Every structure is written in C-alpha cells, then in structure tokens.
Amino acid sequence: MIFRQDADFDSTKFRGFVNFQEVVFNNHTNFEGTRFKETANFTQTVFKKTANFSKANFYAIADFRETSFTSTADMRGAEFKGSFSSAGTV
C-alpha cells in the first residue's frame with residue numbers, strides 16, 4: 001500500500017493488531033498521541049517525509065524491523081510499554 005498524500009492518525013486508538021508492513025508513506029505521517037493497544041507492525045515500512053510518533057503509546061509489541069526513515073522521525077514523549085524491535089532500521 002502506498003500513501004501518496006499526508007497520512008494523519010493523530011490521537012487514533014487502535015484496539016487490535018495494526019499491520020503497516022511494507023507500506024510506503026510518500027508524504028508527512030502523523031501518529032502523534034496515537035494509542036496502539038496490541039501489536040503495531042511497521043516492518044519494512046518506508047517513511048519518505050517526517051514521521052511524527054510524539055506522545056504515541058505502544059502497549060504491546062512495537063515492530064520497526066527494517067523500517068526506513070529518510071527524513072525526521074519524531075519519537076519525543078512516546079512510550080513503549082511492551083517490546084520494541086528495530087533491527088536493520090535506517
């Protein structure tokens with residue numbers, strides 16, 4: 001899946017498993033204040049512009065393996081209450 005425009009998930013509450021694996025975000029992405037209650041899979045996801053995860057809450061697994069951030073990744077104030085994986089992330 002490719003998001004060609006800005007993607008705004010500001011303060012969204014994901015109650016179940018979230019799968020963004022292999023998604024390409026071509027523009028700015030906003031997950032500020034988002035709550036991920038179950039596993040959040042961002043494996044092999046590509047963020048081509050700013051990715052804002054400030055104040056996001058990850059209550060379970062946060063999987064960012066092999067994720068590509070080609071611009072700014074803002075994680076200020078984010079909380080990871082479960083496991084976090086970022087092996088191979090650039």
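FYI, side chains are in, hydrogens and waters are out, and symmetry mates aren't considered; it's all heavy atoms of this structure. Everything numeric here is computed off the predicted structure, so don't read it as measured data.
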Engineer: Closest heavy-atom contact between Lys37 and Ala60?
Structural biologist: O-CB, 3.9 Å
Engineer: Is the shortest side-chain heavy-atom distance between Thr45 and Phe25 below 4.5 Å?
Structural biologist: yes
Engineer: Is the distance between the ring centroids of Phe20 and Phe31 under 6.0 Å?
Structural biologist: yes
Engineer: Can you measure from CD (Glu22) to CD (Gln44) and round to the nearest 0.5 angstrom?
Structural biologist: 5.0 Å
Engineer: Count the heavy atoms of every other residue, nucleotide or ligand shown that sit under 6.0 Å from NZ of Lys13, and state whether that count exceeds 12.
Structural biologist: no
Engineer: So how far is it from Phe53 CZ to Thr34 OG1, rounded to the nearest 0.5 Å?
Structural biologist: 8.0 Å
Engineer: Let me confirm one number: the CG-OG1 distance from Asp63 to Thr39, rounded to the nearest 0.5 Å.
Structural biologist: 8.5 Å
Engineer: Taking Phe69 as the starting point, is it possible to reach Phe42 by hopping between hydrophobic residues whose side chains are less than 4.5 Å apart?
Structural biologist: yes
Engineer: Report the distance from atom CG of Asn27 to atom NZ of Lys48, rounding to the nearest 0.5 Å.
Structural biologist: 10.0 Å
Engineer: Identify whether Phe17 and Met1 are in the same connected component of the hydrophobic contact network (ILVMFWY, side-chain heavy atoms under 4.5 Å).
Structural biologist: no
Engineer: Ignoring hydrogens and angles, tell me if any N or O in the side chain of Thr70 forms a donor-acceptor pair with the backbone of Phe47 under 3.5 Å.
Structural biologist: yes
Engineer: Side-chain contact, heavy-atom cut-off 4.5 Å: Asp6 with Asn30?
Structural biologist: no
Engineer: For the atom pair NZ (Lys49) and OG1 (Thr72), what is the distance rounded to the nearest 0.5 Å?
Structural biologist: 11.0 Å
Engineer: Do the rings of Phe9 and Phe3 sit parallel, tilted or perpendicular, given the 30° and 60° boundaries?
Structural biologist: perpendicular
Engineer: Linking I/L/V/M/F/W/Y whenever their side-chain heavy atoms sit closer than 4.5 Å, directly or via other members, would Phe14 and Phe64 fall into one cluster?
Structural biologist: yes
Engineer: Could you walk me through whether Ser54 and Asn52 pass side chain to side chain donor-acceptor pair (under 3.5 Å), step by step?
Structural biologist: CA-CA 6 Å; Ser54 63; Asn52 182 7; 2.8 Å; yes
Engineer: Going by atom types only, do Asn41 and Thr43 share a side-chain donor-acceptor pair under 3.5 Å?
Structural biologist: yes
Engineer: Any chance you could measure Glu79, atom CD, to Lys55, atom NZ, to the nearest 0.5 Å?
Structural biologist: 11.5 Å
